[in-house]
2 protein chains.
Amino acid sequence: MSGSASRGLARVLRQTKRPSIPRSQARQCRPLRPLIVPVRNFSATTRRREDTSEPHHNVKYTTDMYPTLKRDSRFSEITPEHIQFFKSTLGDDAAIIDGVTHDASDDLEAFNTDWMRKYRGHTKLVLRPKSTEEVSKVLKYCNDNKLAVVPQGGNSGLVGGSVPVFDEIVISLSRMNNIRSFDDISGILVVDAGVILEVADNYLAEHNHLFPLDLGAKGSAQIGGNVATNAGGLRLLRYGSLHGNVLGLEAVLPDGTIVDDLGTLRKNNTGYDMKQLFIGGEGTIGIITGVSVVCPQRSKAVNVAYFGLPSFENVQKAYKEAKVQLGEILSAFELMDARSQGFVHQVTGNKRPLEGDHPFYCLIETSGSNTEHDSEKLEKFLEYVMSEEIVSDGVLAQDETQVKSLWAWREGITEAIGHFGGTYKYDLSIPIQELYQLVEDTRDRLNSKGLVGDDDSFPAIAVVGYGHMGDSNLHLNVPVRKYTKEVEEAIEPWVYEWIQKRRGSISAEHGLGIAKKKYIGYSRSETMIKLMKQIKELYDPNGIMNPYKYI
Amino acid sequence: MSGSASRGLARVLRQTKRPSIPRSQARQCRPLRPLIVPVRNFSATTRRREDTSEPHHNVKYTTDMYPTLKRDSRFSEITPEHIQFFKSTLGDDAAIIDGVTHDASDDLEAFNTDWMRKYRGHTKLVLRPKSTEEVSKVLKYCNDNKLAVVPQGGNSGLVGGSVPVFDEIVISLSRMNNIRSFDDISGILVVDAGVILEVADNYLAEHNHLFPLDLGAKGSAQIGGNVATNAGGLRLLRYGSLHGNVLGLEAVLPDGTIVDDLGTLRKNNTGYDMKQLFIGGEGTIGIITGVSVVCPQRSKAVNVAYFGLPSFENVQKAYKEAKVQLGEILSAFELMDARSQGFVHQVTGNKRPLEGDHPFYCLIETSGSNTEHDSEKLEKFLEYVMSEEIVSDGVLAQDETQVKSLWAWREGITEAIGHFGGTYKYDLSIPIQELYQLVEDTRDRLNSKGLVGDDDSFPAIAVVGYGHMGDSNLHLNVPVRKYTKEVEEAIEPWVYEWIQKRRGSISAEHGLGIAKKKYIGYSRSETMIKLMKQIKELYDPNGIMNPYKYI
């Protein structure tokens, strides 16, 4: 497989044209070289449960990691009568039941464990409804009978929000996977919550449109889950957040009420925008079953460039210049530090896009309607940042394959880092000037405590920073050989205090889940938390929705 | 004034370059001519109370127009003790009090009456706090004492939402008008709610940025009011809605709680996005006092073209083509019908941009970072739509003055139509294919009832349609010589039923206020209305916030 991919790439490389920047124009700067990136059997879009090599039963239970958590005694235990109701309502094949369904134990573990193998619950029952009405019946019954539930989409979250803690019933949306409608004049798409992001985007591609959200886990993440977690992703910079792009939602409240707010209008100022509470609500007040979203025209021209830079100051200069010179065609500006790229190289074995080592790397993507104009803008920009020595070296993708290869150096980081054991992951919003300072401060801190180093005697392997520069969103990652109290206590709550001082966010895009629940106070005032609890109480007075998490 | 403006324009015209489309390229289509538009003393940005020629006391009281409305007996009447509290809290000059303040009667009328002279309240007290803390103290006192209030910004709304009905106290935000901060790397602006939209946009222009909202009333509308009404405006097509662009809010709840959600982060997934309830909440659950908003780079190149088209079918074709060919630089696609442009011509006396009559007109604006590229794209597009005979004739603005002049043909419609007396105004979202059908159906309906015509014996003057084609948002206007029951009953609720059948919105961007309150059921289900009422009850259990309106 890897050999055949390499052959494919070689063929592409023979067809490669000269670099887009004419040498004559680029006299004063080091020339951009054509990209040479062998591709192996490695993809950031394969974050599926099936890909994890470690068996589920080796994963620690969340209840062991959080020993102070107690099962809420308000919740009922599942009885044969409950099972009977679910079977008669949904049909026999819609339930996976411990001790009843064939191979249930293994099947259940896939729903009990997250893809990072960091969280593991004790559910004994998974329900897979096929319609909004079925979700409504099930949820009303659970609410009436005080049965706690966890809505689950693609289970690709990073904060343990989509797996149970105790014996909550998993309600999987995976069978609700129909694309309901698409209008190619207005660009408005309506889908079931369980449609996989990549499936929707591929469908839109056939109609020259684009899903306004893109992320590494697109091959398994479901749109309902994306909306429930207000996923940010790779192209928020260009297309904005789901709070702006989601035009309508259909959701089910714990009492079975169907919130029928699935409008397909760009403008509708008739009352409170109720759907917004479900966007980023992480399934704690209801289950999203349908989504209406406005999708932009797919760009005819997509260009990707990859640079090495000598300092974070230069990264900022490059970003500011990109905003001015690339303006409306800039669709991504991603930051990767040296260590992050080292890990991708080490794990994939792929040849690095640039020769030599650089302290920082950036990936810039432009998307526009005119190839010639976009190339001209990008080349002018590249020439400028090279001649001004803002950027030390760079390559420009020459075709779609190379675009994907360059993106793999950004999208592959999470998986590469996860290869060595566990990872302490922090997803932070920080004022842009201080964005990378946190990585350095964390590195200094762990170094001074003798906790990070290359040989196996150190618990932590490295301190890595990367993220969405354009959104001022840093992913701070500390890969470890094993999880230890020393490392955890060296980082937390220190990192949250660091963020609080700068009025940043302790969870920029991953959400709260169980991982960040107790730290919300570092990013939200008591007043805000009180108001949020009021909302939770209003819609879910029995507390059955995704308990032990969020706020 | 008008003479001097004309002289200024003549000078511009002498400098005018040849039309941007080279004649040779445009051989097969009728050439685009340079624009000749004399400018008079007329501006769509002057929707201020001072400009209305009719004295306030000629405006009918809202209570007379809606005789079934009764003052809510839960609310207290204002007493000298109340006045004493407000004076001691805010200072003597912060209150305008009937019978106390010098010239109070005239001053109060300005706050009691909307700019359309359609709604008029009976307030006897206006409070003008200078800080969020003052708003908090005042609101808590009003809530404790069951005094009803109306928050008021620039009072430029179109549905009577910002003026009192009975004796509600007006809380004017006009003294809270500081720009709090701006960061030119991230583009994030923080302002007091009372900052005038145009003031903020001019400030941003100095820093090469742009407020992501623009509308005709920008010269008087305040940002707090824009957010409270979720204003859509002219450039939503390009920059998206306030639900996406507003990053943070500061607001005061009736009990005096300060909602301190004024974040300046593009991403912050830590709990329910509470601020969204205030965006479009029309001051019914709290008063917005501060706004944080992400502002895009100001485009270096802005081009505006104005066309005549033979049919609405061709308007759709032109729109679809504009989306494909202009893509990322398309910043407005506005529709105006023949009658709307006739009114602007009649009222302003300005020379029309195009010769001859066309059934439809469109205004296209592009905004981008490279003048040459944008012109090339626009010219290629224009050439295409002319040669394909999608468009019958068109002009392209050659400089900033001409850009403004062309925009005046779109932005000036509201004021021009309002010149003849009253106007029945409907602001509707309709699936794009049927957008203009409603204008024709309404015209047929009023014609068949003998209610519309050129001479003074008809109550209605015309049926006019224009709006934001890119947002599928139609403004249906019926200017009348006088308001009559016959006309009203011919249009309502028929127009709302028409919208309901097509699952459109009875208020796309103007909001509900008092005008649309009773029609919400045509665009929202009983479930949604119930959920909204729950929210209202949660935050404003005494119902003091902007009563008699919204839901």
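Letters go in sequence order (proteins before strands), and every chain restarts at 1.
With 3.5 Å as the limit, one finds no donor-acceptor pair spanning the side chains of H373(B) and E372(A).
Only the side chain of I432(A) has a heavy atom closer than 4.5 Å to any heavy atom of chain B. Heavy atoms of T284(A) lying under 4.5 Å from chain B belong to its backbone as well as its side chain. Residue I188(B) does not touch chain A at all, counting heavy-atom pairs closer than 4.5 Å. Contacts between R503(A) and chain B at a heavy-atom distance below 4.5 Å involve backbone atoms as well as side-chain atoms. Of the atoms belonging to L262(A), it is backbone heavy atoms, and not side-chain ones, that fall under 4.5 Å from chain B. Proximity to chain B is limited to the side chain of Y550(A), based on heavy atoms less than 4.5 angstrom apart. With a 4.5 angstrom heavy-atom cutoff, Y319(A) touches chain B only via side-chain atoms. For chain B, no part of S472(A) is nearby; none of its heavy atoms comes within less than 4.5 Å. Proximity to chain B (any heavy atom under 4.5 Å) is restricted, for D183(A), to the side chain, taken from C-beta onward. For R298(A), no part lies near chain B; criterion is any non-hydrogen pair under 4.5 Å. Proximity to chain B (any heavy atom under 4.5 Å) is shown, for V246(A), by neither the backbone nor the side chain. The contact between Q325(A) and chain B is made entirely by backbone atoms, counting heavy-atom distances below 4.5 Å. Interface remark: Y539(A) contributes side-chain atoms only to the contact with chain B (heavy atom separation under 4.5 Å).
Taking S299(A), S367(A), S525(A), S523(A) one by one and counting their heavy-atom pairs under 4.5 Å with chain B, the maximum is reached by S525(A). Counting heavy-atom pairs closer than 4.5 Å to chain B, the top-ranked of the candidates L242(A), I551(A), V324(A) is V324(A). With respect to chain B, the highest number of heavy-atom pairs below 4.5 Å among N208(A), D427(A), L531(A), I520(A) belongs to L531(A).
When the salt bridge (charged side-chain N to carboxylate O under 4.0 Å, His left out) test is applied to K275(A), the partners found at least two apart in sequence or on another chain are D273(A). Scored by the side-chain hydrogen bond (donor to acceptor under 3.5 Å, both in side chains) test, D471(B) finds K267(A) as partners (sequence neighbours excluded).
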Walk me through it: do E282(A) and K549(A) pass the test salt bridge (charged side-chain N to carboxylate O under 4.0 Å, His left out)?
CA-CA 9 Å; E282(A) 299 189 27; K549(A) 299 169 191 163; over 6 Å; no
Using the rule given for ring-ring contact (aromatic ring centres under 6.0 Å, His included), can you reason through F182(B) versus H207(B), listing the C-alpha separation, both sets of side-chain angles and the distance that settles it, and then say yes or no?
CA-CA 9 Å; F182(B) 178 66; H207(B) 298 83; 5.5 Å; yes
